[in-house]
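Just so you know, ligand 1 is whichever comes first in the structure, and atom 1 is the first atom listed for that ligand.
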Amino acid sequence: MAPLRFAANLSWLFSEQGPALSARLEAAARAGFRAVEVAWPYTEPAAPLAAAARAAGLQLVLLNTPPGSADLGELGLGAVPGRQDAFREGLELAVAYARELGCPQVHLMAGRVPQGAERAAVAKDMDAVFVENLRHAADVLARENLVGLLEPINTRLTDPRYFLDTPEQAATILRRVDRPNLRLQLDVFHWQIMGGNLTANIRTFLPLVGHVQVAQVPDRGEPDSLGEINFPYLFQLLEELGYVGFVGCEYRPRGDTQEGLSWLRAYWESRGLAPA
Ligand SMILES: O=C(O)C(=O)CO
């Protein structure tokens, strides 16, 4: 069984280093990471960011398509009717950053039920828009040898208006879009909140999974913080099932990020891996 490869999510970890991604990259490398992910790197030019990642010996493995308009309360545009042009523009930006940064995966954010709309009234239209946008995105990504990811985000605790919120919904959409370079982003935090049954769901949906993210439930802290999920068990399950993608550490440190990484140092030690 190959040990899991962890990626530091620089949008959540190492915030004590300040907002500059270059400082967070250096801190992640010092902590022993070899890979990172960033939600939206677009506030910084791509070339210096790529140089900083190379200098730190880090691979960027995931970034998101842009969130859209804060004024409209948007968090992604993939499934939002009337925003197809903006989704395609955002996709082009994400692809340009992925190309410059050598990032192989793009999280194609579905987005929220628009303000003022009722989910039941717009769900069919949003589903059709999402499928059409995903077919376009898959073809654009394929030309760059990139993978697109669909992430269900829980609507019970984190984001009640998000359009895509269960692995079943995501799997159905993936089947309808039917593109080999579109895969599932398994965020354990969201799956636990939306229904748990993690062992069975991971076994069922892992063939579709291109990326995993972890955080404890309910406080979204470190995997070894007090909560519902037994991560040593889940890490072993992912290894036994032969998962070879990355595991994104997308959680809110209780204090200093480095001090909170004892769970990962313990994992590396248990697998005979000495951080650099
Ligand atoms: O909110 C999350 O879990 C995400 O991964 C968004 O990028």
Open item on the list: Going by side chain to side chain donor-acceptor pair (under 3.5 Å), E74 matches just one of R161, Q115, R83. Which one?
Closed with: R83

Task: Pair D219 + R252, salt bridge at N-O below 4.0 Å - done: no

Open item on the list: Consider ring pair (Phe, Tyr, Trp, His ring centres under 6.0 Å). Of F246, F235, W268, which one does F6 pass it with?
Closed with: F235

TODO: Step by step, work out the side-chain hydrogen bond (donor to acceptor under 3.5 Å, both in side chains) result for Q213 and Q185.
DONE: CA-CA 8 Å; Q213 291 175 317; Q185 183 169 323; 2.9 Å; yes

Open item on the list: I'd like to know if R254 pairs up with E259 as an ion pair, taking the criterion as any Lys NZ or Arg NE/NH1/NH2 lying under 4.0 Å from an Asp or Glu carboxylate oxygen.
Closed with: no

Would you mind writing out a table of all protein N or O atoms found under 3.5 Å from any N or O atom of ligand 1, naming both atoms and giving the distance to 0.1 Å?
unit_1	atom_1	unit_2	atom_2	d
ligand 1	3 (O)	E151	OE2	3.2
ligand 1	3 (O)	D187	OD2	3.1
ligand 1	3 (O)	H190	NE2	2.7
ligand 1	3 (O)	R220	NH2	2.7
ligand 1	3 (O)	E250	OE1	3.0
ligand 1	5 (O)	E151	OE1	2.7
ligand 1	5 (O)	E151	OE2	3.3
ligand 1	5 (O)	Q213	OE1	3.2
ligand 1	5 (O)	E250	OE1	3.1
ligand 1	5 (O)	E250	OE2	2.8
ligand 1	7 (O)	N64	ND2	2.7

Open item on the list: Applying salt bridge (charged side-chain N to carboxylate O under 4.0 Å, His left out), can you list everything that pairs with E144, at least two apart in sequence or on another chain?
Closed with: R99

